[in-house]
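Written below as structure tokens is the structure these notes are about.
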Protein chains: 2
Amino acid sequence: MGLRERKKEKTRLALLDAALDLFLEQGYESTTVEQIAGAVDVSPRTFFRYFTSKDHLVLWFHDHGEEIMLETLESRPPDEPPFTALMHALRAVLSDMQGSTPEESARFLKLRRILEENPRLIGQSVARGAQTEHRLAELVAGLRGADPDTDQLSHLIVAFAMSTLRVGFECPRRDGTLVEITDRMSETIELAERSLQPGWDLR
Amino acid sequence: MGLRERKKEKTRLALLDAALDLFLEQGYESTTVEQIAGAVDVSPRTFFRYFTSKDHLVLWFHDHGEEIMLETLESRPPDEPPFTALMHALRAVLSDMQGSTPEESARFLKLRRILEENPRLIGQSVARGAQTEHRLAELVAGLRGADPDTDQLSHLIVAFAMSTLRVGFECPRRDGTLVEITDRMSETIELAERSLQPGWDLR
DNA sequence: CTGACTTATGGCACACTGTGACAGAAGGGT
DNA sequence: ACCCTTCTGTCACAGTGTGCCATAAGTCAG
């Protein structure tokens with residue numbers, strides 16, 4: 001990796017960290033892009049080359065999680081029931097989180113606090129999840145050999161899976177360590193699995 | 001109802017209809033608030049007194065649906081299983097749609113087309129759903145005698161219910177009549193009910 | 001190391017959304 | 001007719017996000 005790419009990655013993370021800290025200090029709304037860029041000695045114009053919008057800062061982790069889910073899903077045996085496969089994908093996201101560096105964990109925890117304090121951002125985050133959902137639904141429909149446009153069950157399977165992820169992520173209201181959060185999330189996954197009829201995702 | 005209120009309601013609907021038509025003609029992004037306001041001979045500033053944002057135009061029906069759901073939920077017998085009660089609330093939304101005037105139906109169908117063409121707006125719509133979800137989760141936690149902050153099942157119950165609504169709303173990709181859509185949505189509701197273990201929402 | 005290249009950056013102008021403040025117009029009640 | 005309340009338009013303004021172009025910095029020959 002050349003100097004150029006390393007520098008870019010450094011700037012991206014510097015912007016991200018500066019932004020997260022500013023959001024926690026003075027709130028999301030009252031932090032301007034100008035401030036964020038200023039804290040990293042970069043022009044506002046450049047900020048928008050790293051993050052397409054202010055919201056994007058808060059959504060970057062979705063991109064990462066989505067990537068993991070899609071990869072996992074493709075590596076599962078094709079005859080596995082779709083919801084089971086999705087639950088494996090969820091667990092893959094969890095174990096990625098558990099294996100993250102201290103910096104990454106810190107970012108994640110800060111992000112959770114910011115989201116808790118800004119309902120509007122939770123919305124944005126959910127909205128991003130909806131896009132992921134759509135891609136996953138197409139994949140699941142493919143697995144089931146169904147038309148992604150009309151097969152309601154494919155969509156329902158994915159929707160339930162993403163709901164599970166979201167509940168696990170949002171539910172532990174009080175601040176906790178990363179381990180506590182991931183533990184909580186795997187409880188949610190088990191709860192969801194126990195709640196559904198065996199084989200519901202096959203017919 | 002005085003002349004004043006009637007006039008306000010008229011302006012609100014005029015703005016809404018003008019906006020929906022413009023969105024369909026030239027797309028959501030490339031329609032400006034100035035155009036919408038201009039079409040109704042109103043200043044842009046006034047537009048923002050009727051709708052808090054451009055997005056709000058597309059989200060207004062959520063407010064209506066949420067209202068119905070909350071009302072229905074409160075009128076259900078308190079010992080009814082929460083998910084069952086939520087499914088009744090969903091059906092209440094459907095029957096409200098079926099009983100709507102031709103103008104309202106037309107708006108609804110236009111809105112669906114606009115949402116189909118603008119994934120970003122689907123996101124916004126889902127995000128609004130997330131807020132509703134939170135309110136509902138507190139209500140359900142109350143029914144279950146649980147702490148809304150920590151009881152994951154309450155959140156999961158509501159999340160699954162809202163997923164059902166959303167899948168029903170989004171899934172019938174092809175344009176259809178209102179009746180076709182509501183029929184499709186009640187199929188989705190039944191599908192969800194069949195997929196879950198009996199009593200999953202009680203323990 | 002020099003020059004030619006590719007790519008990132010900064011600065012500028014600009015369109016658009018959304019808000020606060022104030023003055024004037026329009027409805028409502030007496 | 002009067003006052004009072006509420007709605008409206010105008011203006012000014014902060015902030016987000018984009019296109020464009022000149023310049024600076026990284027890259028890669030030779």
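Throughout, protein chains are lettered first and strands after them, A, B, ... in sequence-line order, and every chain is numbered starting at 1. Keep in mind that this is a model prediction, so the values were computed, not measured.
Using modelled atom types, one finds no donor on one side chain facing an acceptor on the other under 3.5 Å when comparing A:Ser75 with A:Thr72. For A:Gln197 and B:Ser195, the side-chain atoms include no donor-acceptor pair closer than 3.5 Å.
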Going through the checks in order, is the side-chain contact (heavy atoms from CB on, under 4.5 Å) test met by A:Leu191 and A:Glu187? CA-CA 6 Å; A:Leu191 184 57; A:Glu187 276 174 37; over 6 Å; no
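Using a 4.0 Å cut-off, no side-chain N or O of A:Lys7 falls inside it from OP1 or OP2 of D:dA25. An OP1 or OP2 oxygen of D:dG15 is reached within less than 4.0 angstrom by no side-chain nitrogen or oxygen of A:Lys54. Taking only side-chain nitrogens and oxygens, B:Tyr50 comes nearer than 4.0 Å to OP1 or OP2 of D:dT8.
At a cut-off of 3.5 angstrom, the base of D:dT6 holds at least one donor-acceptor pair with the side chain of B:Arg4. For D:dG9, its base sits under 3.5 Å from the side chain of B:Arg49 at one donor and acceptor pair at least.
In this structure, NE2 in A:His62 is found 5.5 Å from CG in A:Leu59, a value given to the nearest 0.5 Å. The CZ atom of B:Phe23 sits 12.0 Å away from the CD atom of B:Glu117 when rounded to the nearest 0.5 Å.
Of the charged side-chain nitrogens involved, at least one lies within less than 4.0 Å of a carboxylate oxygen, so that B:Arg128 and B:Asp63 count as a salt-bridged pair.
Where B:Glu5 and B:Thr52 each meet DNA chain C at their nearest nucleotide, the meeting point lying more 5' is that of B:Thr52.
Counting only distance, with no hydrogens or angles, the side chain of B:Ser163 and the backbone of B:Ala159 share a donor-acceptor pair below 3.5 Å.
In this structure, OH of A:Tyr28 is placed 14 Å from P of D:dG15, rounded to the nearest angstrom. When rounded to the nearest whole Å, the span between CD of B:Glu9 and C1' of D:dC7 equals 15 Å. The interatomic distance linking A:Arg6 (CZ) with D:dA25 (P) rounds to 18 Å, in whole Å. Distance, A:Lys8 NZ to D:dT27 C1': 14 Å, rounded to whole Å.
Cation-pi contact between A:Arg112 and A:Phe169: present, with separation from the ring centre below 6.0 Å and deviation from the ring axis of at most 45°.
In this structure, the side chain to side chain contact (heavy atoms under 4.5 Å, CB included) partners of A:Glu80, at least two apart in sequence or on a different chain, are A:Arg76, A:Pro77, A:Thr84, A:Ala85, A:His88.
Within residues 33-48 of chain A, the residues approached by DNA chain D to less than 4.0 Å at the level of any non-hydrogen atom are A:Val33, A:Arg45, A:Phe48, in residue-number order.
Nucleic acid contact for A:Ser30: none, since no nucleic acid atom lies under 4.0 Å from a heavy atom of the residue.
Using a 4.0 Å cutoff to heavy atoms of chain A, the contacted part of DNA chain C runs 5' to 3' from C:dT6 to C:dC12.
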